[in-house]
Amino acid sequence: MSKKIRFSDHALLKIDLLSERGIAIAQEFIVQTIRFPDRREPGEGEKVIAQKQLNENLVLRVVYP
């Protein structure tokens with residue numbers, strides 16, 4: 001069973017800011033990035049960074065515990 005994914009206020013704000021700049025990222029894409037990343041690497045402390053290609057120029061990086 002998968003853990004429930006909760007979006008922090010910071011994450012929701014970032015989604016809105018990116019959308020205002022023409023980079024629309026659906027929450028489902030973020031969930032898929034966490035579950036099926038192109039790359040996963042260790043972050044600070046116990047955190048993990050999951051990455052998925054958005055397009056040929058952009059990569060989404062999701063940091064989570």
Subject >> Nearest-0.5 Å distance, CG of residue L60 to CG of residue L54 >> reply: 5.0 Å
Contacts under 3.5 angstrom, residues 36-51 side chains, donor-acceptor by atom type, not counting sequence neighbours:
residue: D38; atom: OD2; partner: Q53; partner atom: N; Å: 2.8
residue: R39; atom: NE; partner: E41; partner atom: OE1; Å: 3.2
residue: R39; atom: NH2; partner: E41; partner atom: OE1; Å: 3.4
residue: R40; atom: NE; partner: Y64; partner atom: OH; Å: 3.3
residue: R40; atom: NH2; partner: I34; partner atom: O; Å: 3.0
residue: Q51; atom: OE1; partner: R61; partner atom: NH1; Å: 2.3

Subject >> Cluster overlap F7 with V63, hydrophobic side-chain contacts below 4.5 Å >> reply: no
Original post:
Should V31 and V62 be counted in the same cluster of Ile, Leu, Val, Met, Phe, Trp and Tyr side chains packed under 4.5 Å apart?
Top reply: yes
Subject >> For N55, side-chain contact (heavy atoms from CB on, under 4.5 Å) partners two or more places apart >> reply: N57, L58
Distance-only check: which donor-acceptor pairs under 3.5 Å involve side-chain atoms of residues 10-28, not counting sequence neighbours?
residue: R21; atom: NH1; partner: L17; partner atom: O; Å: 3.2
residue: E28; atom: OE2; partner: Q32; partner atom: NE2; Å: 2.7

